[in-house]
Q: 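Shown below is the structure under consideration.
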There are 2 protein chains.
Amino acid sequence: MANAAPIVCDTCPVADRAVCAALTPDDRGELARMGHHRRYARGETIVAAGDASTVCATLTRGAAKMSTIDRDGTERIVALVHPAGMLGQLFAPAATLTVTALTDSEACIFPRSRFEALSDARPALAKRLLVEVGRELDESRGLIDLISKRQAKGRVAALILAFARAASPAPCHDEAAFDLPLTRGEMAQLLGLTIETVSRTLTALEGGGAIRREGSHGIAILDRAALDALAG
Amino acid sequence: MANAAPIVCDTCPVADRAVCAALTPDDRGELARMGHHRRYARGETIVAAGDASTVCATLTRGAAKMSTIDRDGTERIVALVHPAGMLGQLFAPAATLTVTALTDSEACIFPRSRFEALSDARPALAKRLLVEVGRELDESRGLIDLISKRQAKGRVAALILAFARAASPAPCHDEAAFDLPLTRGEMAQLLGLTIETVSRTLTALEGGGAIRREGSHGIAILDRAALDALAG
DNA sequence: CGCGCACTTGAGCACCTTCAATGGCGGTGG
DNA sequence: CCACCGCCATTGAAGGTGCTCAAGTGCGCG
């Protein structure tokens, strides 16, 4: 897919939240000229594990997953990326993770070396990156919390609540009805369960009146307190 | 325990590896005067969850764990900290994690606000912190990998290998015989298993000839390839 | 010596996985 | 247009793994 395009910050939906926001307009213009903007179709690989890790990117639209692949071929999702989040591993000599678009997505791609050089020259950017990486670290630990619930119901309930939070525009409120951005298989990878268990657990949650399914990916939360209780 | 002492960088065993190494001697002296050095006994709490997150620290000796506590009282370890690692969450408004000494330990404690101010003023420190947080992020994702092995044998085998790597002075080599720095209960918390399952799995690994136990915490690796295969 | 603590071992059972079959949906090609 | 195929999701049955509950062992310490 040859759809590289120049970066235009003026119409960027995440211009105020992405790390670029730490830069002056001039510096941002310089950064924009260094990189390009690309679209990715659902399922497309953005960064492949084993690459020389030459790029880093900001997701401007859509959603992505970062995953490892075991020797035996089992894929494991270690992080989800939402708009304004960073793709790629700063200061890593080689990419150990594969980044894949979960939905049709767009991202600004930068050469990693020049991005790092700019961060060295602009303390405001470096500080912003520090905060961003700290946030990623918190999310990663949140994911550990998610996986470590003993029972499948708790894991799935916690995942639903996490997506309800992410789907809402206001950070403090949950969305009552939303679409799961993952397939059953991806949810299973994320939670350390099988597809069948995820599916059965959703059926059970619906049977218990906690949620209602609408189509294969739509979720409406009917009993928020019940989900909270299950999620521990 | 009232054992606060001034910080003396000259005899610090991790002076070259900790984040302080990014500072000039003058700046390091200023940082040292801002903080103090403390000893902690095994099991002692270094930072309690819910604290106003007023401190951050560098571990100079020993080992520590960072953990969350669920509403139902279940503790979950989300990270291990080795000497030269950072304790506490930079730029977090409140501590969400409890930090506990796993063995008798020592740390340099700094007021968080002044540490952050110094990082704003010294780009070299900010960059060093960025690298450090990136490393923590990688470790956190490694932990996710660890937990996500389906079978108990795989998780325990991977944990043993991880400690074999950590116990070795050379980063590329494993130690063939070493002590597990965790109790069975802590290993269980880390791996998302029960104490009994960890114990039984170690027995099974020993029965299969992969390891030999020496006392309750000593481990000798007899069949490295078998552990690798189990760890996936 | 006796107590506490951590570890080990055993028996039974709940839960999740595995294997297998079925249904729905979208895309492709006849 | 419809048949066919692939992919995803659901559901069922059987079996295994790890959890729960419970007892027993070894070690350090008062």
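Numbered from 1 within each chain, the chains take letters A, B, ... in sequence-line order.
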Q: Look at the side-chain N and O atoms of A/Ser216 and state whether any lies under 4.0 Å from the OP1 or OP2 oxygen of D/dT10.
A: no
Q: What integer distance in Å separates B/Glu186:CD from C/dC7:P?
A: 8 Å
Q: Checking A/Arg38 against A/Tyr40: charged group under 6.0 Å from the ring centre and within 45 degrees of the axis?
A: yes
Q: If you check every side-chain atom of B/Arg213, which of C/dT9, D/dT11, D/dC19 has the closest atom?
A: C/dT9
Q: To the nearest Å, give me how far apart CD1 (B/Ile195) and P (D/dG18) are.
A: 16 Å
Q: Select base, sugar-phosphate, or nothing to describe what A/Arg155 touches, counting heavy atoms under 4.0 Å on all strands.
A: nothing
Q: Measuring to OP1 and OP2 of C/dC16, would you say a side-chain N or O of A/Gln151 lies under 4.0 angstrom away?
A: yes
Q: Consider the side chain of A/Arg150, meaning its heavy atoms from C-beta on, and name the nucleotide among C/dT18, C/dC7, D/dT20 that approaches it most closely.
A: D/dT20
Q: Is the shortest side-chain N/O distance from B/Thr183 to OP1 or OP2 of C/dA6 below 4.0 Å?
A: no
Q: Name the nucleic acid region contacted by B/Leu202, choosing base, sugar-phosphate or nothing; use a 4.0 angstrom heavy-atom cut-off, strictly under.
A: nothing
Q: Just how far, in rounded Å, is P of D/dC7 from CZ of A/Arg42?
A: 13 Å
Q: Calculate the interatomic distance between B/Leu180 atom CG and C/dC7 atom C1'; express it in whole Å.
A: 13 Å
Q: Quick one about B/Arg141 and A/Thr68 (side-chain donor to acceptor, distance below 3.5 Å, no hydrogens or angles considered), yes or no?
A: no
Q: Charged N to carboxylate O below 4.0 Å: is that the case for B/Arg212 and B/Glu214?
A: yes
Q: When all nucleic acid strands are considered with a 4.0 Å heavy-atom cut-off, which category describes B/Glu196: base, sugar-phosphate, or nothing?
A: base
Q: Rounded off to whole Å, could you give me the CG-to-P distance for the A/Leu205 and D/dT10 pair?
A: 12 Å
Q: Just to confirm, is there a sub-4.0 Å distance from OP1 or OP2 of C/dT8 to any side-chain nitrogen or oxygen of B/Arg184?
A: yes
Q: Calculate the interatomic distance between B/Glu206 atom CD and C/dT8 atom C1'; express it in whole Å.
A: 12 Å
Q: Can you tell me if the side-chain N/O atoms of A/Thr197 get under 4.0 Å from OP1 or OP2 in C/dT17?
A: yes
Q: Would you check if the side chain of B/Gln89 reaches a backbone N or O of B/Thr96 as a donor-acceptor pair within less than 3.5 Å?
A: yes
Q: Under 4.0 Å between a side-chain nitrogen and a carboxylate oxygen: does that hold for B/Arg39 and B/Glu44?
A: no
Q: When we call it a touch if two heavy atoms are under 4.0 Å apart, what does B/Gly192 touch: a base, just sugar-phosphate, or nothing?
A: sugar-phosphate
Q: Looking at every strand, decide which applies to A/Gly215 at a 4.0 Å heavy-atom threshold: base, sugar-phosphate, or nothing.
A: nothing
Q: Under 4.0 Å: is that the gap between some side-chain N or O of A/His217 and OP1 or OP2 of D/dA9?
A: yes
Q: Compute whether any side-chain donor of one residue and acceptor of the other, for B/Arg76 and A/Ser148, lie under 3.5 angstrom apart.
A: yes
Q: Without decimals, in angstroms, what is the distance between B/Arg200 CZ and C/dA6 P?
A: 18 Å
Q: Report the distance from atom CG of A/Leu191 to atom C1' of C/dT17, rounded to the nearest whole Å.
A: 15 Å
